[in-house]
Participant: 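Supplied in structure tokens, the structure appears directly below.
Computed from a predicted structure; not experimentally measured.
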Amino acid sequence: MKKLVAAALAGVMVLSMAACGAKDFDAKGYVQGMLDAQFKGEYAAHAEDTGESEDTVKQQIEDENRSDMELIVSALGLNPTEEELQECVDLITEGFKKIEYEVQDAVKDENDNYTVDVVVTPIGILDSVNDILAEKLQGENAADASKYMAMFNEAIKESIEQAETFEQETVTLNVTYTEEGNNRIYSVNEADLTELVTIATHQQ
């Protein structure tokens, strides 16, 4: 379950991360804005980088989070109400705000591409979900499928509340561009983002 959530978040990040850049492109600022939008719900910088409004960036992230969470709960065999699904999305969103990271200075190569190190403090926001849910499913609850999603949300909430932090790790993001007409469109390598989310949520 943890890996499903992390993969979903990485997928959302890929969808919203493209930015136009000149030769003086601020790769560090771009990465900072992207991570702040995804992890902290702070959209202004990323909206400016991508040329979108804050409302558009916020809505895109929220819509993709909800869509991906629908796939996750479906894969788990759960049938949530609209309210339960939204509660699940909100819990995960708040949980990711606990992730701490520090974006380092960008390093530019001879081809105008960049690497940007991000120092992450992993936090196991979903480490206890399975154990907590298994305990909740004991006895009479196990026979009442209508309660499964509510218990799943409770397990996520409790796991986030008791999450432990771990030793810092550094993830290197490759920020590269493609040419579109007279513009350079920068983006972060998808595999690097997946690694960042995996480490940040203590899944390695």
Participant: Among side-chain atoms of Tyr186 and Asp112, is any donor-acceptor pair under 3.5 angstrom?
Facilitator: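 Judged by distance alone, the side chains do not pair up.
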Participant: Does any non-hydrogen side-chain atom of Glu70 lie less than 4.5 Å from one of Arg66?
Facilitator: yes
Participant: What's the spacing between Asn111 CG and Asn113 CG if we round to 0.5 Å?
Facilitator: 6.0 Å
Participant: Keeping the roles fixed (side chain from Glu169, backbone from Glu167), state whether a donor-acceptor pair exists under 3.5 Å.
Facilitator: no
Participant: Is any side-chain heavy atom of Thr56 closer than 4.5 Å to one of Tyr43?
Facilitator: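 A side-chain contact under 4.5 Å is absent here.
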Participant: How far apart are the closest heavy atoms of Ala106 and Ala27, and which atoms are they?
Facilitator: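 Minimum heavy-atom separation between Ala106 and Ala27: CB-CB, 3.8 Å.
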Participant: Do the side chains of Val197 and Gln38 get nearer than 4.5 Å, heavy atoms only?
Facilitator: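 Sidechains of Val197 and Gln38: no contact.
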Participant: Who are the ring pair (Phe, Tyr, Trp, His ring centres under 6.0 Å) partners of Tyr148, not counting sequence neighbours?
Facilitator: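 In terms of ring pair (Phe, Tyr, Trp, His ring centres under 6.0 Å), with neighbours along the sequence ignored, Tyr148 is linked to no residue.
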Participant: Side chains of Cys88 and Met149, heavy atoms from C-beta outward: is any pair under 4.5 Å?
Facilitator: yes
Participant: Using a 3.5 Å distance criterion without hydrogens, assess whether the side chain of Ser159 forms a donor-acceptor pair with backbone atoms of Ile125.
Facilitator: yes
Participant: What pair of heavy atoms forms the shortest contact from Ile123 to Lys98, and how long is it?
Facilitator: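 Closest approach of Ile123 to Lys98, heavy atoms only: CD1-CB, 3.9 Å.
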Participant: If only atom types and distance count, is the side chain of Gln203 paired as donor or acceptor with the main-chain N or O of Ile199 below 3.5 Å?
Facilitator: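 Side chain of Gln203 to backbone of Ile199, a donor-acceptor pair under 3.5 Å: no, none is there.
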Participant: For Phe166 and His202, take the angle between the two ring planes, folded into 0 to 90°, and tell me which bin it lands in: parallel under 30, tilted 30 to 60, perpendicular over 60.
Facilitator: parallel
Participant: Taking everything shown except Glu154 itself, do over 12 heavy atoms lie less than 6.0 Å from its CD?
Facilitator: yes
Participant: Hey, could you give me the OG1/CD distance between Thr121 and Glu102, rounded to the nearest 0.5 Å?
Facilitator: 9.0 Å
Participant: Enter the distance from Leu193:CG to Met34:CE here, rounded to the nearest 0.5 Å.
Facilitator: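 Separation between the atoms: 5.0 Å.
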Participant: Looking only at atom types and distance, does a side-chain atom of Asn189 sit under 3.5 Å from a main-chain N or O of Leu173, one as donor and one as acceptor?
Facilitator: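 No; zero donor-acceptor contacts below 3.5 Å.
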Participant: With a 4.5 Å cut-off on side-chain heavy atoms, are Val31 and Tyr114 touching?
Facilitator: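 Not touching, per the 4.5 Å side-chain cut-off.
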Participant: By salt bridge (Lys or Arg N to Asp or Glu O under 4.0 Å), which residues pair with Glu161, not counting sequence neighbours?
Facilitator: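 Glu161: salt bridge (Lys or Arg N to Asp or Glu O under 4.0 Å) contacts with Lys157.
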Participant: If hydrophobic clusters are built from ILVMFWY residues whose side chains come within less than 4.5 Å, do Ile92 and Leu35 share one?
Facilitator: yes
Participant: Would the distance check show the side chain of Tyr101 and the main-chain N or O of Leu196 forming a donor-acceptor pair, the cut-off being under 3.5 Å?
Facilitator: no
Participant: Taking 4.0 angstrom as the limit, do Glu62 and Lys58 come out as a salt bridge?
Facilitator: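 Answer for the salt bridge query: yes.
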Participant: State whether the side chain of Asn183 and the backbone N or O of Ile185 hold a donor-acceptor pair below 3.5 Å, judged by distance alone.
Facilitator: no
Participant: When you measure from the side chain of Lys40 to the backbone of Lys97, do you find a donor-acceptor pair of N or O atoms at a distance under 3.5 Å?
Facilitator: yes
Participant: Taking a hydrophobic cluster as the set of Ile, Leu, Val, Met, Phe, Trp and Tyr residues connected by side-chain heavy atoms closer than 4.5 Å, whether directly or through intermediates, do Val89 and Leu71 fall within one such cluster?
Facilitator: no
Participant: Once you round to the nearest 0.5 Å, how far does CG of Asn65 lie from CG of Asp90?
Facilitator: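 Reported value, rounded in 0.5 Å steps: 10.0 Å.
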Participant: Is the shortest heavy-atom distance from the side chain of Met69 to the side chain of Leu85 under 4.5 Å?
Facilitator: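 Yes, their side chains come closer than 4.5 Å.
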Participant: Looking at every non-hydrogen atom in both residues, tell me the closest pair between Leu91 and Ile160 and how far apart they are.
Facilitator: O-CD1, 3.3 Å
Participant: Give me the one residue out of Glu158, Glu164, Gln162 that meets side chain to side chain donor-acceptor pair (under 3.5 Å) with Ser128.
Facilitator: Gln162
Participant: Decide yes or no for Asp36 and His46: does some side-chain heavy atom of the first lie under 4.5 Å from some side-chain heavy atom of the second?
Facilitator: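 Not in contact.
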Participant: With no hydrogens and no angle check, do the side chains of Thr115 and Asn174 hold a donor and an acceptor under 3.5 Å apart?
Facilitator: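 No, no side-chain donor-acceptor contact under 3.5 Å.
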Participant: Is there a chain of hydrophobic side chains (I, L, V, M, F, W, Y, each step under 4.5 Å between heavy atoms) that links Leu76 to Leu133?
Facilitator: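 Result: yes, single cluster for both.
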Participant: What heavy-atom pair brings Asp192 and Val171 nearest, and what distance separates the two atoms?
Facilitator: O-CG1, 4.0 Å
Participant: Can a side-chain donor-acceptor contact be found between Asp55 and Gln59 if the only test is distance below 3.5 angstrom?
Facilitator: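 Per modelled atom types, Gln59 and Asp55 side chains form no pair under 3.5 Å.
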Participant: For Glu179, check salt bridge (Lys or Arg N to Asp or Glu O under 4.0 Å) against everything at least two apart and list the hits.
Facilitator: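 Applying salt bridge (Lys or Arg N to Asp or Glu O under 4.0 Å) to Glu179 gives Arg184.
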